[in-house]
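In what follows, every chain begins at residue 1, and chains take the letters A, B, ... in the order their sequences are listed. What you see is a predicted model, and the numbers here were worked out from it, not measured in a lab.
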Amino acid sequence: MQYSHFLHQLRACAKTRSQLQGKKLHAQIIKIGLEQWEPLPNNLIDMYGKCGLLHAALHLFDELPQRDPVSWASILTAHNQANLPHCTLSIFPNMFTFDRLQPDNFVFATIFKACGSLGAVKQGKQIHAHFVLSPFSDDDVVKSSLVDMYSKCGQLDDAHWIFDSISWKNSVCWTAMISGYARNGRSSEAIELLQRMPVKDLFSWTALISGIVQSGDSSDAIKLFVQMQREGIRIIDPFVLSSVVGASANLAALELGRQIHCLVVVFGYESSVFVSNALVDMYAKCSDILAAKDVFDKIPKRDVVSWTTIIVGAAQHGKAEDALTLFDEMVLAGLKPNEVTFVGLIYACSHVGLVDKGCHLFNSMTKDYRINPSLQHYTCLLDLLSRSGHLDDAENVIKTMPFDPDEATWAALLSACKRYGNSQRGIGIANHLLSLNPQEPSSYILLSNTYASAGMWDYVSKVRKLMAVTAVKKEPGYSWVDLGKESWVFYAGKTACQVKEEIVGLLKDLDMEMKRRGYVPDTSFVLQDLEEQEKEQQLFWHSERLAVAYGLLKAVPGTVIRVVKNLRVCGDCHTVLKFICSIVGREIIVRDANRFHHFKDGKCSCCDFW
DNA sequence: TTAGGGTTAG
């Protein structure tokens, strides 16, 4: 009687994640002397794991006189719960070696979940073979965990094959399969599956929408979110909201983001730290850094992602001092920065030329916070050094770092070579890159651009031919302007826009006024072998200029023009936009592939250093 | 005691 009461209470604590209540119960159980009564020990482990007290769970597990598969399932689940899937996999073999036990269906499901989180498909497949030969090979829950594992590892055929073999498909396995297709860019198959699903719930819709956001089709995700609401799905948790806030961030659609922010308030999920963090990011990515800071200031309990998001936001808007101050505040608030925080911080230093500070932070990351620098951190460091002209030091980083450099690393160095007119070094690096990684499309593009900058057109055409042979395509440059109710996309060199004549007329007028004020086109940014006049024409038709002109024609007078470009803004366009903002007396904000440029009164917030 | 959906960089 007594122990069944405790059992019930322990399960309730595990369900509601009530740490304090759980500890009290444990104390009572010890006091009464029931701590060895089956099945209380395993339930205690389970309770501690679910309440996020892994150490307590481990302590009990180690002390158990006799462990069974339930004890193992509980402790393995506790590691998954604590977001330590690699630990789940590393302790799993002890089940055979120490306790001579075979996994049961619960253990299998937990292990496949861990493999899925880690993308450890090879290990997952090996254990899958054990599962097939086990007495549990018909278990639908385990099969469902396999569907999820293969989906997360991008092996959709395997996932679907297992999905088909599940006799009684519940909402969980449908969702795992939908999520797999959506995340891997196969949205039409994901949508089709959702349509076939007998009872669509908020989980499956969320999996679809968030997967599509992750695979990069944010506008489709927004349309599906609208459809979901039309179909009467009630939003009873905040998950889908953080995804659609993220979608508006990707689209740099400020007005849409504001509307979704209103929905967040209406549904009462302002207090969700996930949603708040997404909102901070959305406002920062939609170039409203003040609104981002406002949301951030109102978060009652900020976590490391909240701080990192605002630091990265400040950094991308060129507010390095703000980013560094925020970092000091974060540390004072007792939060430990993570690897992303340092990417933001070094990036901030890099973009304003704070070389010493950036190097100090890079060293502090290992020394003070025991974070091993990743390749990306080395790339940031290299960017920091090379942007400020320390090309030898930058090359030295490449030579001594414990990673093989990728194209981003070489891109940073190559772009600095161009900036500092060191074309010989650039060509050497590009050649080296080509010899190292001839399969990578970006390698060809880098090489081509480097030769073009040096005016070596024979080599450019040679590389272009190679690109054609290997079917490598350069991503076309495009820009879009967000006018709240509508947004227009412009590609370089053309427009099908109804007001094409007005756009061209306005750009011509502006061109004349700019030239009167001393503008000289910098045709070195045209990477094709053309006559000077043709090069100027190419620059004239760059997508960011078309988008800005459209914004000037259509936006409410006096408002900020917000433009997004998929590639980095070209150097000549950067000069032109400084002239234009001053001629028309408007603020223009351009988000390019790398950062934000706030053009105002003839100047840019990046101080021409980007 | 097991399985599905959310935020920060790139």
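- Note: CG (A:Asn250) to P (B:dG10) measures 12 Å, nearest angstrom.
- Between A:Lys15 and B:dT1, a side-chain N or O to OP1/OP2 separation shorter than 4.0 Å is absent.
- Atom pair A:Tyr347:OH and B:dA9:C1' shows a separation of 10 Å (rounding to whole Å applied).
- Regarding contacts with the backbone of B:dG6, every side-chain N or O of A:Thr206 stays at 4.0 angstrom or more from both OP1 and OP2.
- Taking atom NE2 of A:His130 as the reference point, atom P of B:dT2 lies 23 Å away to the nearest angstrom.
- A donor-acceptor pair under 3.5 Å is absent between the side-chain atoms of A:Arg67 and the main chain of A:Trp72, judged by distance alone.
- For A:Val305, the side-chain atoms get nearest to B:dT7 when compared with the rest of B:dA9, B:dT7, B:dG6.
- Distances from the side chain of A:Asn277 to the nucleotides B:dT1, B:dA9, B:dT7 place B:dT7 closest.
- OP1 or OP2 of B:dG6 lies within a sub-4.0 Å distance of a side-chain N or O belonging to A:Gln214.
- Residues A:His261 and A:Tyr283 bring a donor and an acceptor atom of their side chains to less than 3.5 Å of each other.
- Regarding A:Phe596, its CZ atom lies at a distance of 11 Å from the P atom of B:dA9, rounded to whole Å.
- Side-chain atoms of A:Asp201 and base atoms of B:dG5 include no donor and acceptor less than 3.5 Å apart.
- For A:Asp237 against B:dG5, a side-chain N or O and a base N or O form a donor-acceptor pair under 3.5 Å.
- In this structure, A:Lys169 is positioned above the aromatic face of A:Phe163, its NZ or CZ under 6.0 Å from the six-membered ring centre and within 45° of the axis.
- For A:Lys113 and B:dG4, the shortest distance from a side-chain N or O to OP1 or OP2 is below 4.0 Å.
- At a cut-off of 3.5 Å, with distance as the only test, a side-chain donor of A:Ser306 or A:Asp303 sits close to an acceptor on the other residue.
- A salt bridge does not link A:Asp322 to A:Lys293: none of the charged nitrogens lies less than 4.0 Å from a carboxylate oxygen.
- Using a 4.0 Å heavy-atom cutoff across all strands shown, A:Asn170 reaches at least one base atom of the nucleic acid.
- Taking the side chain of A:Asp148 as heavy atoms from C-beta on, and the options B:dG4, B:dT2, B:dA9, the nearest nucleotide is B:dG4.
- Put simply, A:Lys152 has no side-chain N or O that comes within less than 4.0 Å of OP1 or OP2 on B:dA3.
- Using modelled atom types, one finds a donor on one side chain and an acceptor on the other under 3.5 Å when comparing A:Asn338 with A:Thr341.
- When the side-chain nitrogen and oxygen atoms of A:Lys200 are compared with OP1 and OP2 of B:dG4, none of them lie within a distance under 4.0 Å.
- The aromatic ring of A:Phe274 does not stack onto the base of B:dT7, failing the criterion of a centre distance under 5.5 Å from the six-membered base ring together with planes under 30° apart.
- With centres under 5.5 Å and a plane angle under 30°, the ring of A:Phe203 is stacked against the base of B:dG4.
- Rounded to an integer number of Å, the gap from A:Phe296 CZ to B:dT8 P is 16 Å.
- Counting distance only, with no hydrogens placed and no angle test, the side-chain atoms of A:Asp46 and the base atoms of B:dT1 include no donor-acceptor pair under 3.5 Å.
- Side-chain atoms of A:Ser145 and base atoms of B:dA3 include no donor and acceptor less than 3.5 Å apart.
- Counting any heavy atom pair closer than 4.0 Å across all strands shown, A:Gln316 reaches sugar-phosphate atoms only and no base atom.
- With hydrogens and angles ignored, no donor-acceptor pair under 3.5 angstrom links the side chain of A:Ser204 to the base of B:dG4.
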